[in-house]
Amino acid sequence: MNTMLLGAWKTALRFCGTVFNEVGFYLVRKLLWRFRRPRYFILLGPPGSGKGTLARQLAPALQVPPMSTGDVFRREKAANTNFGKQVTAHLADGTLVPDSLTLAIVRRELISPRFWFGAMEDGFPRTIEQAIAFDLLLARWGASVERVVLLDVDDDALVDRLSNRRTCTNKACGRTYNLKYERSVEAGICDACGAATAQRDDDVPEVISARLRTYRVETKPLCNYYQDRKVLASFKPTGDMTAQEVFVLVKTALQG
Ligand code: AP5
């Protein structure tokens with residue numbers, strides 16, 4: 001009985017949250033967007049190209065919060081929600097979560113207060129279908145994608161980066177480190193929040209290869225899609241470029 005009551009209470013809370021977000025976002029669009037235009041940016045690139053690192057660094061500079069679909073899926077999985085149950089197998093084998101599910105989650109995130117004035121998309125869209133649906137959604141709201149940056153990093157560097165990546169286990173922090181290029185001061189402990197750092201389940205050789213394959217087949221074609229729309233800027237960061245140099249280049253490209 002108690003479990004049923006708790007379930008009903010959670011459903012009611014979720015419903016109220018959705019109504020608040022829908023109404024709030026509608027009012028923001030109608031009343032506030034004329035004073036502050038929303039900005040939607042996309043970071044495109046293979047796994048390990050630095051999208052997450054850059055999205056976090058760029059957020060304060062461009063005043064646009066980062067949205068990582070991968071992080072959202074991992075949060076849903078950890079909370080064992082309905083969405084979480086449906087994405088678990090895809091996270092484990094490096095295939096893409098179905099478009100319909102991804103689009104529903106992205107829309108839900110975009111109407112939440114954190115993203116009322118735009119987002120720096122990290123890992124979305126990843127298929128032509130997702131890109132078309134995203135353009136349509138934004139067009140319905142009277143907005144559009146402002147700029148897309150492609151981080152074109154070589155496969156060898158990607159495998160090296162991902163195998164050595166360690167991620168803060170505190171979901172609210174999520175900072176990434178690298179055993180070769182960017183270690184935490186104390187091994188295994190996040191400098192930012194003091195939580196433990198760990199290797200992501202999908203940062204193991206078999207899954208890394210699968211993710212790279214998925215990227216080449218499903219996501220790479222998006223470059224032409226955004227090139228045709230004249231919003232794409234491509235970078236091929238070389239091994240001797242520091243993360244700071246990449247950041248400055250990408251920030252300049254996004255600022256137009
Ligand atoms: P997701 O979590 O998005 O993973 P990903 O795209 O594979 O990208 P990563 O987070 O692994 O890499 P990143 O480019 O952010 O690199 P990072 O900055 O961490 O997605 C996971 C899964 O979710 C997917 O496999 C799929 O199943 C599903 N999914 C997600 N979005 C989806 C969608 N739209 N549709 C369907 N399914 C979806 O950097 C990596 C390492 O390199 C770090 O150690 C970092 O310190 C280091 N590094 C970063 N920059 C530099 C630099 N300039 N020089 C040297 N080292 C650097």
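In listed order, ligands and their atoms are each counted from 1. Heavy atoms only: backbone and side chains are in, while hydrogens, waters and symmetry mates are out.
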If you measure from each heavy atom of Pro125 to ligand 1, is any distance below 4.0 Å? no
For Ala55, which part has a heavy atom under 4.0 Å from ligand 1: side chain, backbone, both, or neither? neither
Side chains of Ile111 and Phe115: closer than 4.5 Å at any heavy-atom pair? no
Which ligand 1 atoms, with their elements, are less than 4.0 angstrom from a heavy-atom of Gln130? 33 (C), 34 (N), 35 (N), 36 (C)
Got the closest protein heavy atom to atom 4 (O) of ligand 1, with its distance? Arg200 NH2, 3.2 Å
Assess the residue pair Asp154 and Lys236 against the criterion (salt bridge (charged side-chain N to carboxylate O under 4.0 Å, His left out)); give the C-alpha distance rounded to whole Å, side-chain angles, the decisive distance to 0.1 Å, and a yes or no. CA-CA 8 Å; Asp154 288 337; Lys236 202 165 179 50; 3.1 Å; yes
Close-contact set for ligand 1 against Phe73 heavy atoms, below 4.0 Å: 23 (O), 28 (C), 29 (N), 30 (C), 31 (N), 32 (C), 37 (N), 38 (C)
What protein heavy atom is closest to atom 39 (O) of ligand 1, reported as residue, atom name and distance in Å? Thr53 OG1, 3.7 Å
Quick note on ligand 1: atoms under 4.0 Å from a heavy atom of Thr95 include exactly 26 (C), 27 (O)
Would you confirm whether Trp9, through its side chain, and Met4, through its main-chain N or O, come within 3.5 Å as a donor-acceptor pair? no
So, for Trp141 and Tyr26, is the gap between ring centers shorter than 6.0 Å? no
Among all protein heavy atoms, pick out the one at the shortest distance from atom 43 (C) of ligand 1; state its residue, atom name and that distance to 0.1 Å. Arg165 CD, 3.8 Å
Ligand 1 to Ser68 polar contact by distance, N or O atoms, under 3.5 Å: no
Counting each atom of ligand 1 from 1 as listed, which ones have a heavy atom of Arg74 under 4.0 Å away? 2 (O), 21 (C)
Is it true that a side-chain atom of Arg200 and a backbone atom of Arg166 form a donor plus acceptor pair closer than 3.5 Å? no
Should the pair Arg175-Glu182 be classified as a salt bridge under the 4.0 Å nitrogen-to-oxygen rule? yes
The reported gap from CD in Glu109 to CE in Met67 (rounded to nearest 0.5 angstrom) is 5.5 Å
contact_flag Pro237 ligand 1 heavy-atom lt 4.0 Å: no
Between Arg165 and Asp160, does any side-chain N to carboxylate O distance fall below 4.0 Å? no
Under a 4.0 angstrom heavy-atom cut-off, which atoms of ligand 1 come close to Pro46? 14 (O)
Any heavy atom of Tyr177 under 4.0 Å from ligand 1? The part involved is backbone
Report yes if the side chains of Ser163 and Asp203 come closer than 4.5 Å at any heavy-atom pair, otherwise no. no
Contact between Gly45 and ligand 1, counting heavy atoms under 4.0 Å? no
With a 4.5 Å cut-off on side-chain heavy atoms, are Asp202 and Ile208 touching? no
For atom 34 (N) of ligand 1, what's the nearest protein heavy atom and its distance? Gly123 O, 2.9 Å
Less than 3.5 Å apart, any donor N or O on the side chain of Thr18 or Arg108 sitting next to an acceptor on the other? no
Going by the atom numbers of ligand 1, which of them fall below 4.0 Å from some non-hydrogen atom of Gly52? 13 (P), 15 (O), 18 (O)
heavy-atom search around atom 8 (O) of ligand 1 in the protein gives Lys51 NZ, 3.3 Å
For Tyr225, does the six-membered ring have the charged nitrogen or CZ of Arg229 within the cation-pi criterion, i.e. under 6.0 angstrom from the centroid and within 45° of the normal? yes
One residue to check: Thr102. Relative to ligand 1, which of side chain, backbone, both or neither has a non-hydrogen atom less than 4.0 Å away? side chain
Heavy atoms only: which of Glu129, Arg211, Arg126 is nearest to atom 6 (O) of ligand 1? Arg126
Which ligand 1 atoms, with their elements, are less than 4.0 angstrom from a heavy-atom of Thr69? 30 (C), 31 (N), 32 (C), 34 (N)
Between ligand 1 and Pro98, can you find any atom pair, the residue atom being a heavy atom, that is separated by under 4.0 Å? no
Using a strict 4.0 Å cut-off to heavy atoms of Leu162, name the atoms of ligand 1 that fall inside it. 11 (O)
Between Arg126 and Glu218, is there a salt bridge with N-O shorter than 4.0 Å? no
Could you find the nearest protein heavy atom to atom 16 (O) of ligand 1 and give me its residue, atom name and distance? Gly50 N, 3.2 Å
Nearest protein heavy atom to atom 37 (N) of ligand 1, by residue and atom, and its distance? Val97 N, 3.0 Å
What verdict does the side chain to side chain contact (heavy atoms under 4.5 Å, CB included) test give for Ser49 and Leu158, after you've listed the backbone C-alpha separation in whole Å, the side-chain angles of each residue and the deciding distance to 0.1 Å? CA-CA 6 Å; Ser49 53; Leu158 297 172; 4.2 Å; yes
Counting only nitrogen or oxygen atoms and a 3.5 angstrom limit, does Ala243 reach ligand 1? no
Polar side-chain atom of Arg36 near backbone of Leu32 as donor-acceptor pair, under 3.5 Å: no
Got the closest protein heavy atom to atom 23 (O) of ligand 1, with its distance? Leu91 CD2, 3.2 Å
Going by distance only, is there an N or O of Leu96 that falls short of 3.5 Å from an N or O of ligand 1? no
Is Arg166 touching ligand 1 with its side chain, its backbone, both, or neither, if touching means heavy atoms under 4.0 Å apart? neither
Of the listed options Val106, Asn178, Thr167, closest to atom 46 (O) of ligand 1 (non-hydrogen atoms): Asn178
Using a 6.0 Å distance limit plus a 45 degree cone around the ring axis, check whether Arg147 lies over the aromatic ring of Phe41. no
So between Lys180, Arg161, His90, whose heavy atom ends up nearest atom 41 (C) of ligand 1? Arg161
Checking Arg107 against Glu22 for the salt bridge (charged side-chain N to carboxylate O under 4.0 Å, His left out) test, could you report, in this order, the C-alpha distance in whole Å, the side-chain angles of both residues, the deciding distance, and whether it holds? CA-CA 10 Å; Arg107 186 186 182 282; Glu22 290 283 359; 2.9 Å; yes
